[in-house]
Structures are given as C-alpha cells and as structure tokens.
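Okay, so here's the structure we're looking at.
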Amino acid sequence: MAPGIRLPRAFYARHTVTVARDLLGKLVVRRRDDGTVRAGRIVETEAYHGPADQASHAHRGPTARNAPMFGPAGVAYVYQIYGVWFCLNAVTGRDRFPAAVLVRAVAPPGGGGAAKDGAGPGRLCRLLGIDKRLSGVDLVTGEELWIADDGARVPRRAVAAGPRVNVGYAGAWAARPWRFWLEGDRSVSR
DNA sequence: CTATTGATTCTC
DNA sequence: AGAATCAATAGG
C-alpha cells in the first residue's frame, strides 16, 4: 500500500482551477493487475473548465470519448492523443458540468530515479501503465488508480502559473494562466 | 524544425 | 463512406 491518505470526493468537487493548483505535490497511485504499486508526485497540471473553454474537449459537447468529463467529480478521464500517447485527467467541479484537470507531469517518488520518466502527460502514463481502460474509473473508490496526500507541503512561492501549452487554437482562452507547476522541478515538462 | 501515429470527430 | 484533427514525443 502506498503512503498517504486518498483524496476524498470533496477535494475534486471544487472549482477546476483550485483543484489544479491543489493537486501539485499529491501522489498519483497506480495498482497494476499483477498487484504491484507505482506512484508519482504531481509537479505540473492544467485546468479545463466548462463548455465555453475552447481548449477543452468538452467545448463541442459530449461525445463517447469525453463522457467522463460530464459526470461527477473524482473520476478519471483518460484519452489517447496522436494515436500513441495517453493523457490522464481528473474530473472536477459539479456533476454534469464538464471540467477536469490534466496531470501533465509527475516526479518519481523519493526524489531519486530518472526525472525524465515522468515529464510530460504521455510519459507519465507510460510510466504508470495508464491507458484508456482506466477512463471512467472512480479515483475515490477504485482499486486501480487514485490520488493520495502524503502530507507533503507545497510552499505558495514554489507554485508557478502560466498559459496552457499546445492549445493555440483556443483563441483568448489559450492565454488564461491555467497551467500550474512546481518551480524548478526537474520533472516539469518543457 | 519535421515525422510519426491511429483513435476520435467532422463532413459529406 | 472518407477526410481532418489532435491536452505529444523523439530525432535531426
């Protein structure tokens, strides 16, 4: 069993941007089918908020792929991009309001290990063995994937904010400072 | 900077 | 049905 206390549904059921900031420093915990457990500390996130957010997959309404975003908070939304990479999101906000936080990068727990392995949303999913079978699983009650708080404190000044990446098509929404990361962490994507 | 890659989504 | 689109990444 990995260290820490699993985040409750109330953690996710807040404003997307608040959840994105608060997820920094938390642990993504993945239990694989063979029973082994892997974890990574979140060092970078992005917020996606509502049907009006042009950068969000939910902007064009519900589809088979983004259905979890329209459900209750505390559920995983995993999708495949460019045919190759998976990206992990945590659904946030009110039930039926499409919002989620993209986990963009994790650091190997314990500080050691290769920092590059968790830098970037695609690499993090490869590291933790996350694929789209995990889309729609409940992060609060599920046994395969959840997010935990091990008590690590994140100083306010260690958190940096800026525009989201690779969403240039989103017009004015692309400029919103809805990406958060831990300043100076080697695992933050670039 | 470009190539890759295939599920998902858009347009007939 | 076929065409266009990507919440990336690796390699020049």
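All heavy atoms count here, side chains included; hydrogens, waters and symmetry mates do not. Numbered from 1 within each chain, the chains take letters A, B, ... in sequence-line order.
- Protein chain A contacts DNA chain B over a range whose 5' and 3' limits, counting nucleotides with an atom under 4.0 angstrom from a non-hydrogen atom, are B/dT5 to B/dC10.
- With sequence neighbours excluded, the residues forming a side-chain contact (heavy atoms from CB on, under 4.5 Å) with A/Ala99 are A/Thr16, A/His49, A/Thr92, A/Phe97, listed by chain and number.
- Looking at heavy-atom distances under 4.0 Å, A/Arg164 makes no contact with the nucleic acid at all.
- Look at A/Arg104 and A/Glu46 and you find a salt bridge, because one of the NZ, NE, NH1 or NH2 atoms lies within 4.0 Å of a carboxylate O, short of that distance.
- Partners of A/Ala174 under the side-chain contact (heavy atoms from CB on, under 4.5 Å) rule, at least two apart in sequence or in another chain, are A/Val167, A/Ala170.
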Cut-off 3.5 Å, no hydrogens considered: what does the side-chain donor-acceptor table look like for residues 71-86 of chain A, sequence neighbours left out?
from	atom 1	to	atom 2	distance (Å)
A/Tyr77	OH	A/His57	ND1	3.0
A/Gln80	NE2	A/Gly83	O	3.0

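- Scanning residues 86-103 of chain A for heavy-atom distances under 4.0 Å to DNA chain B yields an empty list.
- Counting only residues at least two apart or on different chains, the salt bridge (Lys or Arg N to Asp or Glu O under 4.0 Å) pairs with a member in residues 150-175 of chain A are A/Arg41-A/Asp150, A/Asp53-A/Arg164.
- Among the nucleotides C/dT9, C/dA7, C/dC6, the one closest to any side-chain atom of A/Pro121 is C/dT9.
- Salt-bridge annotation for A/Asp149 and A/Arg6: absent, with no side-chain N of the basic residue lying under 4.0 Å from a carboxylate O of the acidic one.
- Qualifying side chain to side chain donor-acceptor pair (under 3.5 Å) partners for A/Asp34, counting only residues two or more places apart in sequence or in other chains: A/Thr36.
- At a threshold of 4.0 angstrom between heavy atoms, the contacts of A/Ser189 with the nucleic acid are absent.
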Dot-bracket notation for DNA chain B, counting Watson-Crick and G-U pairs under 3.5 Å, with | for partners on another strand: ||||.||||||.

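- Using a 4.0 Å heavy-atom distance criterion, A/Glu46 is classed as making no nucleic acid contact.
- Taking the side chain to side chain donor-acceptor pair (under 3.5 Å) definition, one finds that A/Arg126 meets it with nothing, sequence neighbours left out.
- Listed by chain and residue number, A/Asn66 satisfy the side chain to side chain donor-acceptor pair (under 3.5 Å) test with A/Thr63 (two or more places apart in sequence, or in another chain).
- Among residues two or more places apart in sequence or in another chain, the salt bridge (charged side-chain N to carboxylate O under 4.0 Å, His left out) test is passed with A/Arg60 by none.
- Taking A/Arg179 as the reference, A/Glu44 meet the salt bridge (charged side-chain N to carboxylate O under 4.0 Å, His left out) condition, with sequence neighbours excluded.
- Stacking of the aromatic ring of A/Tyr79 onto the base of C/dA7 is not found under the criterion of centres within 5.5 Å and planes under 30°.
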